Amino acid sequence: MRKGILGAAVALVLGASTGSAYGVVLGQIDTFEDGSTDGWVNSLLGRGGPNPPINVSTGGPGGTDDNYMLLTSSGSPGPGGKMVVINPAQWSGDYIGGGVTTLTMALNNFGDTELHLRILFEKVAPGSGPTDVAGSTDAFVIAPHSGWVNATFDVTPGALTSLLGSVDNALSDATVIRLYHNSAGPGFPPGDIAASLGVDNIRAVPEPGTLTAFLVGGAIMARRRLKRSRGAA
């Protein structure tokens, strides 16, 4: 019984806000099970570029028939040489106001080189380019041929380094976000690298204390619903 109530609470908290078409909300998740890359691209110019992200239909962290997104980079100078992927749609928006403090995801380094992965937030003013840019101060380091591992990225202001303008502005009005490799620090653009990276189950979550409070509230709601349904039976 307790397990069922907790499961319902988790669904209420983390599943209630997954329908937004634009702008980050707590609980949203990209699973890539629809066969697409869920709006993740390697170019904002509308014509794509070399080595675009692709959807792989099996072999994700769930095993057979679990889709995931595959990123590749050539390591050669020019387009396609850097390990970076961009989302200008559902992962843009207000992270501070929305209470999103952490991004979690499953990662698999298929390549021969260690990767230092970071998140970049960029606010772009129409017609004038970026005004505020911030990147992860500390990288998530993933070993070559790692297998699937769970990664956590702190996206609070204190965990980011300003690359242009204000960290708070970049977080509260993000136009695009990027997942990228840079072993030298949070700077962008990074250097070229030959790499292959699997990505799955990208999720927006709150800080642990807030999540616990939400789960408690969700459990109470689930318990009340269960009592009402029993009473009506």
Side-chain angles (χ1 to χ4, degrees), residues 10 12-32 37-42 44 53 69 71 83-107 116-126 128-140 150-182 185-190 197 199-215 217-218:
V10 172
L12 283 168
V13 173
L14 297 182
S17 301
T18 56
S20 175
Y22 179 84
V24 65
V25 292
L26 280 173
Q28 74 179 47
I29 183 171
D30 286 352
T31 65
F32 308 105
T37 61
D38 286 337
W40 291 91
V41 296
N42 66 346
L44 294 176
M69 178 173 63
L71 311 176
M83 173 52 66
V84 57
V85 67
I86 311 165
N87 190 284
Q90 74 273 17
W91 293 99
S92 61
D94 185 355
Y95 282 73
I96 295 176
V100 178
T101 63
T102 306
L103 295 181
T104 63
M105 62 189 75
L107 299 171
H116 295 240
L117 297 172
R118 306 172 191 269
I119 304 290
L120 188 84
F121 297 87
E122 184 175 346
K123 177 182 178 181
V124 178
S128 62
T131 60
D132 303 274
V133 182
S136 301
T137 303
D138 297 322
F140 181 85
N150 294 319
T152 299
F153 294 90
D154 185 344
V155 296
T156 56
L160 303 177
T161 296
S162 172
L163 305 178
L164 177 66
S166 162
V167 170
D168 284 0
N169 287 346
L171 273 173
S172 63
D173 195 10
T175 306
V176 297
I177 77 164
R178 304 172 195 253
L179 174 67
Y180 68 110
H181 158 83
N182 192 342
F188 194 90
L197 178 70
V199 183
D200 201 5
N201 301 327
I202 306 171
R203 187 189 293 273
V205 299
E207 60 186 355
T210 303
L211 179 59
T212 299
F214 282 172
L215 288 176

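None of these values were measured; they are calculated from a predicted model.
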Which pair of non-hydrogen atoms, one from [X] and one from [Y], has the smallest distance, and what is that distance?
{"X": "V41", "Y": "P53", "answer": "CA-CG, 4.0 Å"}
{"X": "V167", "Y": "T161", "answer": "CG2-C, 4.1 Å"}
{"X": "V84", "Y": "R178", "answer": "CG2-CB, 4.2 Å"}
{"X": "A204", "Y": "L103", "answer": "CA-CD2, 4.0 Å"}
{"X": "G39", "Y": "P88", "answer": "O-CD, 3.6 Å"}
{"X": "L179", "Y": "F153", "answer": "CD1-CZ, 4.1 Å"}

Non-hydrogen side-chain atoms of [X] and [Y] separated by less than 4.5 Å:
{"X": "Y95", "Y": "V24", "value": "yes"}
{"X": "N201", "Y": "M105", "value": "no"}
{"X": "L107", "Y": "V199", "value": "yes"}
{"X": "S92", "Y": "I177", "value": "no"}
{"X": "N169", "Y": "T131", "value": "no"}

Does any N or O in the side chain of [X] come within less than 3.5 Å of the main-chain N or O of [Y], such that one atom is a donor and the other an acceptor?
{"X": "R118", "Y": "N182", "value": "yes"}
{"X": "D94", "Y": "I96", "value": "yes"}
{"X": "D132", "Y": "S166", "value": "yes"}
{"X": "Q90", "Y": "D38", "value": "yes"}
{"X": "T137", "Y": "A159", "value": "yes"}
{"X": "S136", "Y": "I119", "value": "yes"}

Before you tell me yes or no, could you show the steps for Q28 and L26 under side chain to side chain contact (heavy atoms under 4.5 Å, CB included), namely the whole-Å CA-CA distance, both residues' side-chain angles and the distance that decides it to 0.1 Å? CA-CA 6 Å; Q28 74 179 47; L26 280 173; over 6 Å; no
Under the side chain to side chain contact (heavy atoms under 4.5 Å, CB included) criterion, do V205 and T104 qualify, and how do the steps go? CA-CA 7 Å; V205 299; T104 63; 4.2 Å; yes
To the nearest 0.5 Å, how far apart are CG in D200 and CE in M69? 9.0 Å
Does the pair F121 and T175 meet the rule for a side chain to side chain contact (heavy atoms under 4.5 Å, CB included), with working shown? CA-CA 8 Å; F121 297 87; T175 306; over 6 Å; no
Report the relative orientation of the aromatic rings in W40 and W91; use parallel for angles under 30°, tilted for 30 to 60°, perpendicular for over 60°. tilted
With Y180, which of I86, V85, L120 fulfils side chain to side chain contact (heavy atoms under 4.5 Å, CB included)? L120
Is there a side chain to side chain contact (heavy atoms under 4.5 Å, CB included) between F188 and V133? Walk through the geometry before answering. CA-CA 9 Å; F188 194 90; V133 182; 5.7 Å; no
